[in-house]
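Quick note: residue numbers are just sequence positions, from 1.
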Amino acid sequence: MKNIPIGQYMVNEGIITEQQLQHVLDVKKEENTPGKYFGDYVIELGYVTDIQFGQVLAKKLSVPFVDLNDPDVHIDIESVKKIPESLAKKHTIIAIKTTGKRLTVASHDPVNFYIFEDIKVTTGMDVVPVLATKEAIVKAIGKNYSMQNTAGILDSVENQFTDEDLNAIDAESADRIDNAPIVKLATTIVENSFRADATDIHIEPFKTFTRIRIRVNGDLIELMNVSNVVHNALVTRLKIISGMNIAEKRVPQDGRFSQVVDGTTLDVRVSNLPMVNGEKVVIRILSTGNVALRKITDLGMTDYNYERFSKLIKVPQGVLLVTGPTGSGKTTTLYAALGELAKPNVNVVTVEDPVEKDIEGINQCQVNAKAGMTFAAALRSILRQDPDIVMIGEMRDQETAEIAIRAAITGHMVLSTLHTNDSASTVTRLVDMGVAPYMVATSLIGIVAQRLVKKICHECRTPRMSTPEENELMGVEQSVTIYDACGCPKCNNTGYTGRTAIHEVLTCTTEMSSLIANGGKTDAIAALAAKQGTKLLRDNVAELVLAGNTTMDELVRVTYAV
């Protein structure tokens, strides 16, 4: 059994079929890329995840499997230090624990004798191999070695600049900015922020210091403080790599660059704004196409909402809107819907500002206002490109909304977003924008309103009974057990780990269409939607509170209304 190829072993175990195995072997033979193995192809083609492949390979090789991305798996930092960073990167390995004279090492190739001989010679310890996925090891190497390097980089940067240098750092000294410590500091800030799952980085100048904060799970937390003498050099470095004018310090500028962190290519947007004490820089981190696209089932919808949403995307023509404030995951939901709709027999075209993820098999077009490529202009051209499905990043004005709705009436499926608070007020927003109510009524399929809610950390949450006011907010009759966020090392003392989405799905039925066409107001639309089975955002988040997955603070934060 051990000597048979891994592909055949997976068929025998019932993980893939004979046809899938043959397809993988055909693709492998056709591509014939050196250094690329069967496992890489079977994961790439989507037949198994990297973790599933790791588990089956570990079973075949009789080696333990370790999921390094699992929060419960602890990597001992003292063990990590036993293997030099250069060796860890060369072989894609990481030490995870020490037991006496035995060093447990995670590798994606646990039967490679030469790797473990190399480690044995370097560390003088016996090696116990375990199997982990290559991606998880690369991430762990980046995370565990970079934390050790940050303090050293900061010291070397601050030692290099003295107060006299502060005024010398200007446009003429651009060559000096390219020196190693500043380059390393700029790179390290982006790397550490990405590893902490941050979406934004704020570099804020004050009189005596510069504060660097990152936005994790929607909240800003401090990453580090640096001396204010470093600020100008750091800003100039970021301006150079993002293609801004380093001589211009009086007006806001925008730029972008890409950086590879732990094997993932990041698309990094940079915004620069002059402040009293210097220029403030905000960096938005976007993972590009090599981060897997979310599926609809991964959006955190309840079974009830998922069923309603699935029905909406089956409708062949009309407008489907996703609404919510900035940063509520609207684009992720649209991309997930597109992933489901983009079949080889349909033409899908998007117009976005900016294109956030490259999606295979979809024609994506970017807005460029300076060149006259606005949403409306792009949309007009797209409709001459024989599309079946059109996605518009955002309905910003009357012109865009009208063209989109006309496109839906003439037989296209149109997906778009709007910034409104709930599903019912979206209809009145479209009418207020100048779209005739009868056009909204004829074209609308449905509306999904959503928010992102922080998930409570299960390690440190503390139970208590709910108060009468909280019972009223949740819509329950009597006091129930709910949980408060506390804070522990696992959740970086925030009390929360990650976020999930809550949804409100309004379906545009015949009755709803006639109400909209007759100029129905928000209250009437909301009442009819509730009668037809739409569960409100508050109902959705109340379910999460009752299940112990989030807190009352989050319920109030995302759904409180006067």
Non-hydrogen atoms of [X] and [Y] that approach each other most closely:
X: His419; Y: Arg429; result: O-NH1, 2.9 Å
X: Ala376; Y: Ile403; result: O-CD1, 3.8 Å
X: Ile285; Y: Phe194; result: CD1-N, 4.2 Å
X: Gly446; Y: Leu320; result: O-CD1, 3.4 Å
X: Leu528; Y: Met512; result: CD2-CA, 3.7 Å
X: Cys508; Y: Ile516; result: SG-CD1, 4.1 Å

With a 4.5 Å limit on heavy-atom distance, are the side chains of [X] and [Y] in contact?
X: Glu394; Y: Asp353; result: no
X: Leu223; Y: Ile201; result: no
X: Met301; Y: Arg308; result: no
X: Met465; Y: Thr481; result: yes
X: Leu430; Y: Met439; result: no
X: Met395; Y: Leu321; result: yes
X: Gln317; Y: His412; result: no
X: Asn549; Y: His458; result: yes

- Query: Run the side-chain contact (heavy atoms from CB on, under 4.5 Å) check on Val431 and Thr428 step by step: do they pass?
  - Reply: CA-CA 5 Å; Val431 173; Thr428 35; 5.5 Å; no

Okay, side chain of [X], backbone of [Y]: is any donor-acceptor separation there less than 3.5 Å?
X: Thr507; Y: Thr509; value: no
X: Glu504; Y: Ser423; value: yes
X: Ser466; Y: Val480; value: yes

- Please step through side-chain hydrogen bond (donor to acceptor under 3.5 Å, both in side chains) for the pair Ser258 and Thr265, ending with a clear verdict. CA-CA 7 Å; Ser258 57; Thr265 307; over 6 Å; no

- Item | With Ile502, the side-chain contact (heavy atoms from CB on, under 4.5 Å) member among Val558, Thr302, Leu452 | Val558

- Query: Name the one of Thr133, Ile94, Ile141 that satisfies side-chain contact (heavy atoms from CB on, under 4.5 Å) with Leu68?
  - Reply: Ile94

Other residues, nucleotides and ligands only: do more than 12 of their heavy atoms fall within 6.0 Å of [atom1] on [X]?
X: Lys280; atom1: NZ; answer: yes
X: Gln478; atom1: CD; answer: no
X: Glu307; atom1: CD; answer: no
X: Glu279; atom1: CD; answer: yes
X: Lys343; atom1: NZ; answer: yes

- Query: Between atom NZ of Lys455 and atom CZ of Arg461, what is the distance when rounded to the nearest 0.5 Å?
  - Reply: 12.5 Å

- Item | Rounded distance (nearest 0.5 Å) linking atom CG of Asn305 with atom CG of Asp539 | 9.5 Å

- Message: Test side-chain hydrogen bond (donor to acceptor under 3.5 Å, both in side chains) on Thr98 and Ser79; report intermediate values, then the result.
- Response: CA-CA 6 Å; Thr98 312; Ser79 301; 2.6 Å; yes

- Message: According to side chain to side chain donor-acceptor pair (under 3.5 Å), does anything in residues 432-450 pair up with another residue at least two apart or in another chain? List the pairs.
- Response: Thr333-Gln450

- Message: Could you check whether Asp254 pairs with Arg269 (Lys NZ or Arg NE/NH1/NH2 to Asp/Glu carboxylate O, under 4.0 Å)?
- Response: no

- Query: Are Asp484 and Arg464 close enough for a salt bridge, meaning some N to O gap below 4.0 Å?
  - Reply: yes

Show the atom names and distances, to 0.1 Å, of all donor-acceptor pairs under 3.5 Å that link a side chain in residues 324-331 to residues at least two apart or in another chain.
{"residue": "Ser328", "atom": "OG", "partner": "Pro325", "partner atom": "O", "Å": "2.7"}
{"residue": "Lys330", "atom": "NZ", "partner": "Gly324", "partner atom": "O", "Å": "3.1"}
{"residue": "Lys330", "atom": "NZ", "partner": "Pro325", "partner atom": "O", "Å": "3.0"}

- Strictly under 6.0 Å, is that where the ring centroids of Phe309 and Tyr306 end up? no

- Task: Tell me, with the steps shown, if Ile221 and Ile214 meet side-chain contact (heavy atoms from CB on, under 4.5 Å).
- Result: CA-CA 5 Å; Ile221 57 172; Ile214 56 175; 3.8 Å; yes

